[in-house]
J.: 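Take a look at this one; I'll ask things after.
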Amino acid sequence: MSTPTAALGKQRTPVRPARVLLHVFLVLTSLAWLGPLLWALFAALRPYAETSEKGYVSWPDKLSFDNFTNAFQQSDMLHYFGNTLLIAIPAVLLTLFLSSCVAFYVSRFDFRVNLFLLLVFTAGNLLPQQVIITPLYRLYLLIDLPGITVSGKLYDSALGLVLIHVAFQSGFCAFVLSNYMRSLPHELTEAALVDGASVWRLYWQIVLPLCKPAIAALATLLSIWIYNDFFWAIVLISTGENMPITSALNNLSGQYFTDPNLVAAGALLTAIPTLIVYFALQRQFVGGLTLGANKG
């Protein structure tokens with residue numbers, strides 16, 4: 001038989017109005033955030049002839065993946081995926097390596113200009129990219145790299161995009177990593193120095209392994225930012241075959257006619273790699289964002 005205590009335990013906690021309002025707000029916010037994505041998916045699954053006749057706000061007669069197949073084939077997406085990987089992978093690795101070196105130096109060694117050096121790196125992120133378009137464009141045209149790039153110049157090359165991404169993203173990464181490295185116990189590095197460890201070994205074998213969560217979080221952000229870049233690809237690349245995947249969507253636009261449903265399908269296909277990166281590093285990404293939250 002049930003006892004009065006057990007009966008009381010089975011009673012539900014009364015629902016508070018504030019909690020109901022919170023859940024309603026979260027649901028509406030989620031729908032508003034996912035609305036454009038779901039609308040693009042809905043348009044991509046419909047043929048253009050149907051939407052041109054009935055409009056986009058109408059009940060579909062046919063849903064298919066034909067637009068996705070056509071977008072993948074017409075835009076030569078595999079080729080441009082390869083171009084993007086050729087830019088994103090070296091840019092992410094170089095950015096993390098150089099910014100971690102700067103962060104290690106300014107956080108683990110005391111000298112007069114360490115804070116100023118960190119501010120110089122961080123200040124690069126405060127400069128609007130549009131301000132330096134003209135001088136940077138002219139500079140890229142003047143730098144000759146015969147035998148290194150196909151174009152013979154820094155302009156219109158994957159190397160040029162890698163360098164500009166490293167230059168603009170290193171400041172933010174150095175700032176984040178330096179703050180994290182400052183939270184590490186100094187006794188670890190002091191003990192290693194007493195044991196005769198070199199500065200490189202101190203950085204590579206002691207400090208850097210402890211920064212894996214922060215590096216994983218930054219790697220996720222950098223991969224998404226660099227992969228989704230459209231601005232620098234348009235400014236610094238002129239040959240269509242050298243462009244990354246975000247610029248390749250132009251191949252789906254004709255001179256006199258553009259199929260919006262086809263473009264929507266192509267845009268959704270280009271978003272797949274970023275989703276893969278995020279879900280693969282989701283645990284490390286969330287862990288890196290919450291680092292230091294419980295430290296006094």
Side-chain angles (χ1 to χ4, degrees), residues 81-108 114 116-133 136 139-140 143 145 148-149 154-155 157-182 184 199-200 203-205 207-237 242-247 273-274 276-278 280-282 284-289 291:
F81 271 132
N83 290 348
T84 303
L85 293 178
L86 190 63
I87 297 168
I89 293 177
V92 171
L93 295 178
L94 274 175
T95 301
L96 292 176
F97 174 70
L98 295 177
S99 59
S100 63
C101 290
V102 174
F104 170 75
Y105 191 66
V106 300
S107 62
R108 310 307 291 184
N114 59 347
F116 175 76
L117 181 63
L118 182 62
L119 289 176
V120 169
F121 274 85
T122 308
N125 293 92
L126 304 179
L127 184 66
Q129 299 178 358
Q130 294 82 355
V131 174
I132 62 172
I133 289 179
L136 192 65
L139 179 64
Y140 268 52
I143 298 178
L145 297 175
I148 299 178
T149 62
L154 190 59
Y155 177 74
S157 67
L159 178 61
L161 286 182
V162 170
L163 293 180
I164 196 64
H165 286 308
V166 171
F168 268 94
Q169 304 299 339
S170 294
F172 171 76
C173 294
F175 176 77
V176 173
L177 288 175
S178 64
N179 288 334
Y180 180 71
M181 289 181 183
R182 290 180 191 275
L184 300 178
V199 174
W200 172 256
Y203 159 77
W204 187 256
Q205 295 185 354
V207 175
L208 202 60
L210 297 175
C211 298
K212 285 183 179 179
I215 291 176
L218 289 174
T220 306
L221 291 174
L222 287 175
S223 300
I224 295 174
W225 290 343
I226 295 175
Y227 179 89
N228 289 330
D229 172 67
F230 181 77
F231 177 76
W232 290 116
I234 289 295
V235 174
L236 301 178
I237 297 291
N242 297 336
M243 288 186 174
I245 187 65
T246 51
S247 304
T274 59
I276 294 175
V277 170
Y278 175 75
L281 299 176
Q282 182 180 13
Q284 292 81 358
F285 177 71
V286 175
L289 293 179
L291 285 172

J.: For S100, give me all partners under side chain to side chain donor-acceptor pair (under 3.5 Å), at least two apart in sequence or on another chain.
T.: Y203
J.: If the condition is side-chain contact (heavy atoms from CB on, under 4.5 Å), which residues does F231 pass it with, not counting sequence neighbours?
T.: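 Applying side-chain contact (heavy atoms from CB on, under 4.5 Å) to F231 gives Q129, Q130, I133, D229, V235.
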J.: Between CD1 of I143 and CD1 of I148, what distance do you get to the nearest 0.5 Å?
T.: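 Result: 11.0 Å between the selected atoms.
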J.: Atom SG of C101 and atom CH2 of W204: how far apart are they, to the nearest 0.5 Å?
T.: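 Taking SG in C101 and CH2 in W204, the distance rounds to 8.5 Å.
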J.: What heavy-atom pair brings V106 and S178 nearest, and what distance separates the two atoms?
T.: CG2-CB, 4.0 Å
J.: State the CG-CG distance between L236 and L154, to the nearest 0.5 angstrom.
T.: 8.0 Å
J.: Grab the two heavy atoms, one from G160 and one from Y140, that are nearest each other, plus how far apart they are.
T.: O-OH, 2.8 Å
J.: Could you give all pairs that pass the ring-ring contact (aromatic ring centres under 6.0 Å, His included) test and reach residues 208-227, with sequence neighbours left out?
T.: F172-W225
J.: I'd like to know whether I215 forms a side-chain contact (heavy atoms from CB on, under 4.5 Å) with L177, so could you lay out the CA-CA distance, the side-chain angles of the two residues, the decisive distance to 0.1 Å, and finally the verdict.
T.: CA-CA 8 Å; I215 291 176; L177 288 175; 4.1 Å; yes
J.: What distance separates L159 CG from I164 CD1, expressed to the nearest 0.5 Å?
T.: 11.5 Å
J.: Tell me which one of C211, P213, C173 satisfies side-chain contact (heavy atoms from CB on, under 4.5 Å) with L218.
T.: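 Only one option passes, and that is C173.
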J.: Just verifying a value: how many Å separate N242 CG and L161 CG, rounded to the nearest 0.5 Å?
T.: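 Answer for the CG-CG pair, N242 versus L161, is 9.5 Å.
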J.: Determine the minimum heavy-atom distance between M181 and A103, stating which atoms define it.
T.: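 Scanning both residues, the minimum pair turns out to be SD-C, 3.7 Å.
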J.: For F175, give me all partners under ring pair (Phe, Tyr, Trp, His ring centres under 6.0 Å), at least two apart in sequence or on another chain.
T.: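 With sequence neighbours excluded, F175 shows a ring pair (Phe, Tyr, Trp, His ring centres under 6.0 Å) to no residue whatsoever.
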J.: Got a second to check how far T274's OG1 is from I226's CD1, nearest 0.5 Å?
T.: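 If we round to the nearest 0.5 Å, T274:OG1 and I226:CD1 are 13.5 Å apart.
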J.: I'd like to know if the side chain of Y180 reaches the main chain of L210, judged simply by a donor and an acceptor atom lying under 3.5 Å from each other, with no hydrogens or angles considered.
T.: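 Present.
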J.: Would you list the atom pairs, donor with acceptor, under 3.5 Å between side chains in residues 85-99 and any protein atom, with sequence neighbours excluded?
T.:
unit_1	atom_1	unit_2	atom_2	d
T95	OG1	A91	O	2.6
S99	OG	T95	O	2.5
S99	OG	L96	O	3.3

J.: Can you name the closest pair of heavy atoms from N83 and M243 and give their distance?
T.: ND2-O, 3.0 Å
J.: Does V199 have any side-chain contact (heavy atoms from CB on, under 4.5 Å) partners at least two apart in sequence or in another chain, and if so, which?
T.: F104, F109
J.: Heavy atoms only: give me the nearest G171-T122 pair and the separation to one decimal.
T.: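 Between these two residues, the closest heavy atoms are O-OG1, 4.0 Å.
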